[in-house]
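What you are looking at is a predicted structure, and each value in this text was computed from that prediction instead of being measured. Because only heavy atoms are used, hydrogens play no part in the values below, and waters and symmetry mates are left out as well, while side chains stay in.
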Amino acid sequence: MNKKILFNATPTEKRAALLENEKVAELVVERPDHFRLVGNIYRGKVMSVLPGIQAAFVDIGLEKCAFLHAADVDPTLLLEKDDELMERFSRQDMGKRGKVPKIPIEKVVEEGQQILVQVVKEPIGTKGAKITTQISLAGRFLVLVPDTDFIGVSKKTHDSGRRSRLKKIISQIKPRGVGFIVRTIGLKVSETEFINEIHMLLDAWRKLQDEALSGSGIKLVHNELGITTRVIRDLFSEDVTEVYVDQDDDYKDVLSYVEALSPALAKRVIHYKEKIPLFDKFNVEKDLDRLLKRKIWLKSGGYILIDRTEALVAIDINTGRNIGKTNLEDTIFKTNMDAAAEICRQLRLRDIGGLIVVDFIDMQSADNRRKIEGFMRKALEADPSATACTGLSKFSLMEITRKRVRPELQEFFTDVCHSCGGLGWIFSPETVASRIDRDMRRVQKKPGVVTVLVHPAVAAYLHQDGDTMKTVLEKAHRCTLNVVENDEYDQDEFSFKEIPGGIVREEEGSYQSE
C-alpha cells in the first residue's frame with residue numbers, strides 16, 4: 001500500500017493528512033485556540049469524591065473538572081498533600097501494569113488532595129476530560145510506564161517468537177524499576193534505535209517528576225507533542241514513502257525529530273515549495289469537501305447515509321443508481337462490499353467513535369454474508385483505534401464499537417444549527433401559519449390591527465393565491481392582519497408587534513393578554 005503524509009499550515013490552523021493509495025485515510029487538525037489534550041499530564045486538585053459512582057472530579061485548570069474513575073487510579077503514582085510521592089504499595093499486590101488493586105476510590109483520594117493525572121479522553125460535548133493516574137510517556141517505538149518492570153509488545157503482532165525476542169532485547173537494555181511497551185511501529189527497529197529512545201524517554205520522565213514536585217497548586221506538568229512531531233511519531237512508518245511539509249518551521253521540526261530517531265528515513269521528508277497549495281496538489285481538498293456530508297456515493301452507484309444520534313451513529317446502505325448486470329443478489333452484494341470499504345474509511349477519516357450500527361442491504365446467500373463479515377473484521381483490524389464488530393444479525397445489522405478519545409471532526413468543524421437545534425429540520429411555512437393561528441386564539445382581544453413579523457418564506461405563503469391564508473386568519477380572528485417580513489428571523493420564528501387589548505411577550509411566537 002502506497003502511503004504519504006502531508007502537513008499543511010496556515011495562520012488559522014495546521015492540518016496533517018495520511019494518504020493511502022492516494023486517498024485520505026486520516027486527518028488531524030489543530031488550531032491556535034483548540035489544542036489537543038490527550039497525553040497532557042497535570043497536577044490537579046480533587047474537588048469531589050463520589051463513592052456512589054466510584055469516581056472523583058479533579059480540577060486540572062480546564063473549563064470543566066476532569067472525570068477520574070476508580071479503575072483508572074494507580075495508588076503508587078499519587079501525590080500527597082506536601083507533593084511528596086506516596087510510599088509505594090507492595091508490587092506483589094500490584095501484578096502487571098494496569099491491573100491495579102481494586103481499592104474504593106474514597107480510600108485513595110480525598111477532597112483537596114493534589115494528584116498527578118494524564119488526559120486519556122478529550123472533553124466531548126457536555127462532558128469534561130477523562131483522566132487517569134496511570135501515567136505513561138509515548139515515544140516513537142516505545143511507551144514508558146513508570147514504577148514497574150513490566151515489558152509488553154503491541155497486540156498487532158501474533159508472532160510469539162518475535163514477541164519473545166523483543167521482550168528479551170528490552171529487558172537487557174532497560175533500567176530496573178521502569179517498564180516499556182513496544183509499539184506497532186517498533187516491531188521492526190534495531191536495538192540501537194530502542195536504546196536511543198529509552199534514554200530520551202527516561203530524561204523526559206525525570207524532568208516530569210521534577211516539575212510535578214516543584215511548587216504547589218494546579219499546573220500543566222507535561223505538554224504532549226505538537227501536531228507535526230506527534231503525527232510523525234504515530235504514523236511515520238516504513239510503509240510511508242514520502243512526507244511533504246509546506247511550512248519552514250514545521251519542516252525543521254519534522255526533520256530534526258526523524259534524524260534523531262530514524263536517520264535512514266530523513267531522506268523521505270520533503271520541503272514542499274510549489275505555488276499550488278499542497279492539499280490541492282494531491283486532491284485532498286476534494287476528499288475533505290465530502291467529510292461532513294450525510295450522503296456518500298459509492299463507485300458502484302450505491303450510496304451510504306451517516307446519521308448521529310445521542311446514543312450511536314447509524315449508517316444506512318442503499319443501491320441508489322446501481323441497477324446491476326446479472327441478478328439482484330449480485331447487485332446487493334457488490335453494493336454492500338463497496339459500502340463496507342467506504343464505511344471503514346469514513347470511520348477513520350471522520351474519527352467516529354462509540355457505538356456504530358450499520359444497516360446492510362439484506363442478502364439471501366449465507367456465503368455472501370460471511371464474506372461481508374470477514375471483510376469488515378479484516379478492514380477494522382487496520383484501524384489504529386481499538387475496534388470490534390459483531391456478525392450480521394438476521395436483519396442484516398452489524399454493531400461496531402470504536403474507541404473514542406476526542407470529538408469527531410464534525411463536532412470540531414461545526415456548531416449545532418441555532419435554527420433547528422440539531423434536529424436537522426425546521427417548521428414549514430404551513431406549520432408556522434398554524435402556530436400563528438393557535439397563538440392568536442389564546443388571547444381574548446378586540447377587533448383591530450395585528451402585526452405579525454415573520455420570515456420571508458412564511459410571508460410568501462400567507463400572501464400566495466391572492467392572500468388566501470391571510471384572509472382566512474383575518475376572518476377567524478376578526479382583525480386586520482399586517483404581515484411584515486423580517487430577514488433576520490429563522491423560518492420557524494415569528495412575533496407580534498401590536499395587539500389591542502394585549503401585550504407582546506418577548507418570547508418567540510407568543511403573547512398574552514392583560
Electrostatic pair Glu122-Arg404, nearest N-O below 4.0 angstrom: no
Spell out, as yes or no, whether a donor-acceptor pair under 3.5 Å connects the side chain of Arg43 to the backbone of Ala212. yes
Kindly indicate whether the side chain of Leu202, heavy atoms from C-beta on, has any atom under 4.5 Å from the side chain of Val178. yes
Sort and list the pairs that fulfil ring-ring contact (aromatic ring centres under 6.0 Å, His included) and have at least one residue in residues 176-195, not counting sequence neighbours. none
Closest non-hydrogen atoms of Ile304 and Ala339, given as atom of the first, atom of the second and distance, are CG2-CB, 3.7 Å
Working to the nearest 0.5 angstrom, can you tell me the gap between Leu208 CG and Leu213 CG? 9.5 Å
Would Tyr303 and Ile296 count as a side chain to side chain contact (heavy atoms under 4.5 Å, CB included) if you check the C-alpha gap in whole Å, the side-chain angles of each, and the deciding distance to 0.1 Å? CA-CA 5 Å; Tyr303 62 88; Ile296 302 168; over 6 Å; no
Backbone of Asp250 reached by a side-chain donor or acceptor of Thr228 within 3.5 Å: no
Do Phe360 and Ile372 come within less than 4.5 Å of each other through their side chains, counting heavy atoms only? yes
Measuring only between side-chain heavy atoms, which start at C-beta, is Ile5 closer than 4.5 Å to Leu235? yes
From Ile343 CD1 over to Gln346 CD, what is the distance, rounded to the nearest 0.5 angstrom? 9.0 Å
Give a yes or no on whether the backbone of Lys252 and the side-chain of Ser256 come within a donor-acceptor separation of less than 3.5 Å. yes
Considering residues, nucleotides and ligands other than Lys219, do more than 12 of their heavy atoms fall under 6.0 Å from its NZ? yes
If every non-hydrogen atom of Gly61 is compared with every non-hydrogen atom of Ile218, which pair is closest and at what distance? N-CG2, 3.6 Å
For Glu13, does its backbone N or O pair with a side-chain atom of Glu30 as donor and acceptor, under 3.5 Å? no
To the nearest 0.5 angstrom, please state how far the CD atom of Glu408 sits from the CD1 atom of Ile306. 9.5 Å
Between Arg402 and Asp351, is there a side-chain N and carboxylate O pair less than 4.0 Å apart? yes
To the nearest 0.5 Å, what is the distance between CD on Glu197 and CG on Leu144? 10.0 Å
Evaluate the side chain to side chain contact (heavy atoms under 4.5 Å, CB included) criterion for residues Val258 and Ile232: first the C-alpha distance (whole Å), next the side-chain angles of each, then the deciding distance (0.1 Å), finally the verdict. CA-CA 8 Å; Val258 174; Ile232 289 296; 3.8 Å; yes
Roughly how far, to the nearest 0.5 Å, is the CZ atom of Arg350 from the CG atom of Leu409? 9.5 Å
Are there over 12 heavy-atom neighbours, none belonging to Lys130, within less than 6.0 Å of that residue's NZ? no
Looking at Leu137, Ile60, Leu220, which one forms a side chain to side chain contact (heavy atoms under 4.5 Å, CB included) with Ile41? Leu137
Least distance between heavy atoms, Asp280 atom then Glu285 atom: OD1-CG, 3.0 Å
Please name all residues satisfying ring-ring contact (aromatic ring centres under 6.0 Å, His included) with Tyr489, sequence neighbours left out, ordered by chain then number. none
Answer yes or no: is there an ion pair linking Asp210 with Lys207, defined by an N-O contact shorter than 4.0 Å? no
Can you give me the closest heavy-atom contact between Ile124 and Lys121, atom names plus distance? CD1-CE, 3.9 Å
Side chain to side chain, Lys168 and Arg165, heavy atoms closer than 4.5 Å: no
Please answer whether the main-chain N or O of Leu392 pairs with a side-chain N or O of Glu373 as donor and acceptor at a distance below 3.5 Å. yes
Start with the C-alpha gap between Gln491 and Phe427, add the side-chain angles, then the distance that decides, and say whether side chain to side chain contact (heavy atoms under 4.5 Å, CB included) holds. CA-CA 7 Å; Gln491 182 169 301; Phe427 287 128; over 6 Å; no
Using a strict 4.0 Å threshold on nitrogen-to-oxygen distance, state whether Glu224 and Arg233 make a salt bridge. yes
Note: Leu6 and Leu19 closest approach over all heavy atoms is CD1-CD1, 3.9 Å
For Arg345 and Glu20, what are the C-alpha separation, side-chain angles and deciding distance, and is it a side chain to side chain contact (heavy atoms under 4.5 Å, CB included)? CA-CA 10 Å; Arg345 175 172 173 258; Glu20 295 181 350; over 6 Å; no
Rounded to the nearest 0.5 Å, how far does NZ of Lys14 lie from CG of Asn8? 10.5 Å
CA sep, side-chain torsions, deciding dist, call: Glu191, Gln172, side chain to side chain donor-acceptor pair (under 3.5 Å): CA-CA 10 Å; Glu191 183 175 332; Gln172 291 173 342; over 6 Å; no
Does atom NZ of Lys45 have more than 12 heavy-atom neighbours, drawn from other residues, nucleotides or ligands, at distances under 6.0 Å? no
Donor-acceptor pair, side chain of Glu259 and main chain of Ala266, under 3.5 angstrom: no
Decide, yes or no, whether a salt bridge links Glu22 with Lys4 under the criterion of side-chain N to carboxylate O below 4.0 Å. yes
Looking at side-chain heavy atoms only, is the closest gap between Val358 and Ile356 below 4.5 Å? yes
Is it true that the side chains of Ser190 and Thr192 contain a donor and an acceptor less than 3.5 Å apart? no
So does Glu399 get a backbone contact from the side chain of Thr390, meaning a donor-acceptor N/O pair under 3.5 Å? yes
Which heavy atom of Ala17 sits nearest a heavy atom of Phe279, and at what distance? CB-CZ, 3.9 Å
Would you say Arg230's side chain and Leu225's backbone share a donor-acceptor pair under 3.5 angstrom? yes
Test item: Arg15 side-chain N/O and Ala9 main-chain N/O as donor-acceptor pair under 3.5 Å: no
Under 3.5 Å donor-acceptor, Asn21 side chain and Asn2 backbone: yes
pair Ser154-Arg183: side-chain heavy atoms closer than 4.5 Å: no
Gln247 side chain reached by Thr10 side chain, heavy atoms, under 4.5 Å: no
Less than 4.0 Å between a side-chain N and a carboxylate O, is that true for Asp149 and Lys174? yes
Restricting to pairs with a member in residues 217-261, which pass ring-ring contact (aromatic ring centres under 6.0 Å, His included), not counting sequence neighbours? Tyr244-Phe282, Tyr251-His271
Any luck finding a side-chain donor-acceptor pair between Gln134 and Gln118 under 3.5 Å? no
Would you indicate whether the side-chain heavy atoms of Ile131 and Phe67 approach each other to under 4.5 Å? no
